Visitor: 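Questions regarding the structure given below will be posed in turn.
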Amino acid sequence: MSSIRVRFAPSPTGFFHIGSARTALFNWLYARHTGGTFVLRIEDTDKERNSEEFLNVIYDSLKWLGMNWDEGPGIGGDYGPYRQSERDPIYREYIQKLIDAGRAYEKDGAIWFKLIGERHEAYDDHRKKTVTKVKAAPTEINDLIRGRVERVEDEDFVIVRSDGNPVFHLVNVIDDIAMKITHVIRGEDHLSNTSKHVELFKAFGAPVPHFAHIPLILKQNGPGKMSKRDQGALVEEYQRRGYIPEALVNFLSLLGWNPGDDREKMPVEEIIRLFDLSGVNQSNARFDDKKLAHMNMAYVLALLADDFVARAKAYFTKHNVFAAGAPDEAYLREVLLLSQPKIKGIEDLPAYTAYFFTENYAIDAKVRDKVMSKGDPKTRLQELAGVLKTADFSSDLAIEEAIKTLAAAKGLGFGDYQAVSRLAVSGTNVGPNLTGMFRVMGRERVLSRIERFLAAA
RNA sequence: GUCCCCAUCGUCUAGCCCGGUUAGGACACCACCCUUUCACGGUGAGAACCGGGGUUCGAAUCCCCGUGGGGACGCCA
């Protein structure tokens with residue numbers, strides 16, 4: 001194991017969103033690539049807004065995406081506890097060091113960090129108040145993605161609230177020191193905070209970690225970065241919708257990073273092998289759900305039969321699709337496998353396969369009108385029923401031969417029998433390949449559906 | 001308003017560091033092919049270097065200025 005230590009430090013103040021997942025992913029990938037340690041630390045210092053529910057969402061989402069942490073809640077480690085709400089004694093110690101060094105002072109009941117430099121009063125018309133400005137030397141940040149960035153930190157800032165709770169900037173830095181974090185990989189929205197953090201590291205006499213500020217994910221429509229309220233922003237939503245987690249990981253890895261060539265669909269082991277901070281872009285990326293959906297489809301298509309069936313069944317169970325009674329296991333499996341090459345995602349399955357499991361399937365009126373308006377579909381259906389009564393149902397090919405033989409005898413084509421029979425047995429004009437559908441449904445079900453359709457037509 | 005970051009097809013991006021390409025790929029869109037519906041797949045088309053200066057024989061690539069986009073400016077994280 002290398003000495004590289006990275007951390008993902010979410011605060012459980014809302015559902016886990018895609019931007020956080022991407023930040024976690026880049027940290028995780030970097031740790032795995034370098035053989036380093038991936039630490040999970042929970043930043044729950046804002047007692048007002050934290051909740052256990054959100055905390056569990058974070059754990060679930062990380063696990064679902066396959067991002068296992070080496071140190072953190074539930075795992076332990078040499079630098080715990082890993083929830084900031086349990087680290088108060090550590091913070092007190094560090095705060096005292098700052099006070100003793102003359103780098104912190106009390107004002108209005110809060111503790112402030114003291115910058116070094118000459119002071120003067122100035123009116124800030126953005127905040128509409130007079131503030132004390134400090135003529136401080138610029139803080140230099142050497143960012144692994146952005147290069148050298150200079151920013152002047154020119155106002156003392158609160159590090160412990162008047163209610164006694166330390167603020168983010170302080171605990172974030174203390175924990176990074178205490179947990180020996182070597183690389184801070186986080187969103188670019190923190191770049192402006194980094195000068196505060198660097199000053200704190202220096203005040204503590206601690207080595208400044210390497211920073212890597214990754215580009216933000218912008219919302220798909222409209223201005224600004226993606227926020228929790230945006231459509232498609234929540235990881236749990238993809239989990240609920242039966243997305244393949246590996247597809248989401250693959251998609252996310254490509255938002256702001258690329259392997260340096262044209263490859264896009266890659267197993268995670270390959271992404272780990274190729275990932276490096278030097279390959280991370282500097283510009284923000286707009287979220288594109290169509291591309292994600294496409295990636296997901298590619299993964300669905302590539303799933304091995306047993307794996308696909310297991311995932312599909314889990315989805316059906318979770319969404320209580322068979323509330324009226326579970327179908328035969330073997331039949332369900334056949335239906336699922338028949339549908340796999342045709343769907344874009346697991347979530348399409350219930351609607352796509354519904355008619356396989358009920359005799360009360362609706363006949364699409366539009367499709368019926370269209371199909372029944374040309375040629376002599378009723379006669380075709382009667383002819384087909386006649387043939388199907390004795391046809392060999394043991395394989396798709398056998399059924400296909402039977403239908404083709406019939407068509408040839410009547411001087412017609414396969415297509416003349418397809419539309420109407422598909423309509424009769426499924427009520428629609430889309431679905432898996434016809435002969436496979438017949439085979440899976442079985443002779444009796446097909447025949448009775450055709451008869452019922454004929455009687456109603 | 002102040003400070004910081006960024007800028008190649010509609011979108012994600014390669015190329016930029018180290019100047020010379022018909023500026024490549026993917027998603028989306030369109031057409032055609034495959035075909036037993038719908039998909040998948042295949043082929044093809046359209047589609048970009050933000051603007052202006054400079055340096056240079058030559059600039060997407062280096063520099064400057066605009067403009068545009070994003071972020072930060074909390075006793076939130």
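Labels below follow one simple rule: chain letters A, B, ... track the order of the sequence lines, proteins then strands, and each chain is numbered from 1. Remember, predicted model here, so these are calculated numbers, not experimental data.
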Visitor: Identify whether the distance between the nearest side-chain nitrogen and carboxylate oxygen of Lys342(A) and Asp348(A) falls below 4.0 Å.
Guide: no

Visitor: List in chain and number order the residues that pass salt bridge (charged side-chain N to carboxylate O under 4.0 Å, His left out) with Glu347(A), two or more places apart in sequence or in another chain; answer none if no residue qualifies.
Guide: Arg241(A)

Visitor: Just to be sure I understand the rule, does Pro223(A) reach a base, reach only the sugar-phosphate, or reach nothing, if contact means heavy atoms closer than 4.0 Å?
Guide: sugar-phosphate

Visitor: May I have the distance from Gln282(A) (atom CD) to C17(B) (atom P), rounded to whole angstrom?
Guide: 14 Å

Visitor: Measure the distance from CD1 on Ile363(A) to C1' on U37(B) and round it to the nearest whole Å.
Guide: 15 Å

Visitor: Dump every N/O contact between nucleotides 8-14 of chain B and the protein below 3.5 Å, one line per pair.
Guide:
unit_1, atom_1, unit_2, atom_2, d
C12(B), OP1, Arg286(A), N, 2.9
C12(B), O2', Leu254(A), O, 3.4
C12(B), O2, Lys291(A), NZ, 3.4
U13(B), OP1, Gly256(A), N, 2.9
U13(B), O3', Asn258(A), ND2, 2.9
A14(B), OP1, Asn258(A), ND2, 2.6
A14(B), OP1, Asn281(A), ND2, 3.1

Visitor: Counting only side-chain heavy atoms from C-beta out, which of C38(B), A28(B), U36(B) sits nearest to Gln418(A)?
Guide: U36(B)

Visitor: Measure the distance from CZ on Phe251(A) to C1' on A28(B) and round it to the nearest whole Å.
Guide: 13 Å

Visitor: Say we look at C27(B) and G71(B): how far apart would their P atoms be, to the nearest angstrom?
Guide: 29 Å

Visitor: Looking only at N and O atoms, is any donor in the side chain of Ser192(A) or the base of C3(B) less than 3.5 Å from an acceptor on the other one?
Guide: no

Visitor: Name all residues meeting the ring-ring contact (aromatic ring centres under 6.0 Å, His included) criterion together with Phe287(A); count only those two or more places apart in sequence or in a different chain, and write none if there are none.
Guide: Phe251(A)

Visitor: Among U37(B), C27(B), G71(B), which nucleotide has an atom closest to any side-chain atom of Lys342(A)?
Guide: U37(B)

Visitor: If I compare all heavy atoms of Lys265(A) with all of Ala302(A), which pair ends up nearest, and what's the gap?
Guide: NZ-CB, 4.0 Å

Visitor: Touch check for Gly109(A), heavy atoms < 4.0 angstrom, all strands: base, sugar-phosphate only, or nothing?
Guide: nothing

Visitor: What is the per-nucleotide protein-contact pattern of nucleotides 45-52 of chain B, from the 5' end, where B denotes a base atom under 4.0 Å from a protein heavy atom, S denotes such proximity for sugar-phosphate atoms only, and - denotes neither?
Guide: --------

Visitor: Heavy atoms within less than 4.0 Å of RNA chain B: which residues of residues 164-174 of chain A have one? Give them sorted by number.
Guide: Val167(A), Phe168(A), His169(A)

Visitor: Counting side-chain heavy atoms from CB outward, which of U36(B), A77(B), G70(B) is closest to Arg161(A)?
Guide: A77(B)

Visitor: Show every salt bridge (Lys or Arg N to Asp or Glu O under 4.0 Å) that has at least one partner inside residues 279-302 of chain A, sequence neighbours left out.
Guide: Glu264(A)-Lys291(A)

Visitor: Can you find a side-chain donor-acceptor pair between Ser85(A) and Asp44(A) that sits under 3.5 Å?
Guide: yes

Visitor: Answer yes or no: is there an ion pair linking Lys202(A) with Glu140(A), defined by an N-O contact shorter than 4.0 Å?
Guide: no

Visitor: Base, sugar-phosphate or nothing for Gly415(A)? Non-hydrogen atoms, less than 4.0 Å.
Guide: nothing

Visitor: For RNA chain B, which residues of residues 343-354 of chain A approach it to below 4.0 angstrom with any heavy atom?
Guide: Lys344(A), Tyr352(A)

Visitor: Mind checking ring-ring contact (aromatic ring centres under 6.0 Å, His included) for Tyr238(A) and listing every partner two or more places apart, or none if nothing turns up?
Guide: Tyr243(A)

Visitor: Counting only pairs under 3.5 Å, give me each side-chain donor-acceptor contact of residues 7-18 of chain A, with atom names and distances, residues two or more places apart or in other chains.
Guide:
unit_1, atom_1, unit_2, atom_2, d
Arg7(A), NE, Asp176(A), OD1, 3.0
Arg7(A), NH2, Asn172(A), OD1, 3.2
Arg7(A), NH2, Asp176(A), OD2, 2.8

Visitor: If I take atom NE2 in residue His213(A) and atom P in nucleotide G71(B), what distance separates them, rounded to the nearest angstrom?
Guide: 15 Å

Visitor: Can you tell which of U37(B), G71(B), C4(B) lies closest to the side chain of Leu216(A)?
Guide: G71(B)

Visitor: Rounded to the Å, how far apart are Leu144(A) CG and C5(B) C1'?
Guide: 16 Å

Visitor: Check the distance between A77(B)'s P and Asp176(A)'s CG and give it to me in whole angstrom.
Guide: 15 Å

Visitor: Under 4.5 Å between any side-chain heavy atoms of Ile271(A) and Leu29(A), yes or no?
Guide: yes

Visitor: Counting Watson-Crick and G-U wobble pairs only, both distances under 3.5 Å, name the nucleotide matched with C62(B), or none.
Guide: G54(B)

Visitor: Name the closest nucleotide to the Met297(A) side chain, picking from U36(B), A72(B), C40(B).
Guide: C40(B)

Visitor: Which one is paired to C76(B), where only Watson-Crick or G-U wobble pairs with both distances under 3.5 angstrom count?
Guide: none

Visitor: Considering every strand and a 4.0 Å limit on heavy-atom distances, what is the contact class for Glu150(A): base, sugar-phosphate, or nothing?
Guide: sugar-phosphate

Visitor: Within the 3.5 Å criterion, strictly below it, is a donor on Asn281(A) or Ser283(A) matched to an acceptor on the partner's side chain?
Guide: no

Visitor: Sequence neighbours excluded, which residues qualify as salt bridge (charged side-chain N to carboxylate O under 4.0 Å, His left out) partners of Asp143(A)?
Guide: none

Visitor: Which nucleotide, if any, forms a Watson-Crick or G-U wobble pair with C27(B), using both distances under 3.5 Å?
Guide: G10(B)

Visitor: Is the charged tip of Lys196(A) near the ring of Phe157(A): under 6.0 Å from the six-membered ring centre and within 45° of its axis?
Guide: yes

Visitor: So that I know where these two stand, are His33(A) and Phe26(A) an aromatic pair - ring centroids less than 6.0 Å apart?
Guide: no

Visitor: Can you list everything that forms a salt bridge (charged side-chain N to carboxylate O under 4.0 Å, His left out) with Arg449(A)? Sequence neighbours excluded, please.
Guide: Glu359(A)

Visitor: Does A77(B) have OP1 or OP2 sitting under 4.0 Å from an N or O in the side chain of Thr45(A)?
Guide: yes

Visitor: For Ile111(A), which contact category applies under a 4.0 Å heavy-atom criterion: base, sugar-phosphate, or nothing?
Guide: nothing

Visitor: Looking at residues 366-380 of chain A, who's got a heavy atom less than 4.0 Å off RNA chain B?
Guide: none

Visitor: Looking at Arg380(A) and Glu383(A), is any side-chain nitrogen of the basic one under 4.0 Å from a carboxylate oxygen of the acidic one?
Guide: yes

Visitor: Base, sugar-phosphate or nothing for Asn433(A)? Non-hydrogen atoms, less than 4.0 Å.
Guide: base

Visitor: Please report, rounded to the nearest Å, how far the C1' atom of A72(B) is from the CD atom of Glu188(A).
Guide: 9 Å

Visitor: Quick one: Asp154(A) CG to A72(B) P, roughly how many Å, whole number?
Guide: 18 Å

Visitor: Among the candidates G70(B), C5(B), C27(B), find the nucleotide nearest to the side-chain atoms of Val149(A).
Guide: C5(B)

Visitor: Using atom C1' in both nucleotides, what's the gap between A72(B) and A31(B) to the nearest angstrom?
Guide: 48 Å

Visitor: Check Lys133(A) with Glu155(A), please: is the shortest side-chain N to carboxylate O separation under 4.0 Å?
Guide: yes

Visitor: Measure from the side chain of His294(A), starting at C-beta and using heavy atoms only, and say which of A28(B), C5(B), U36(B) lies closest.
Guide: A28(B)

Visitor: Consider only side-chain N and O atoms of Thr194(A) and Arg151(A), and report whether a donor and an acceptor are under 3.5 Å apart.
Guide: no

Visitor: Looking only at the side chains, is there a donor atom on one of Thr139(A) and Glu199(A) sitting less than 3.5 Å from an acceptor on the other?
Guide: yes

Visitor: Think Lys133(A) has a side-chain N or O under 4.0 angstrom from the OP1 or OP2 of C73(B)?
Guide: no

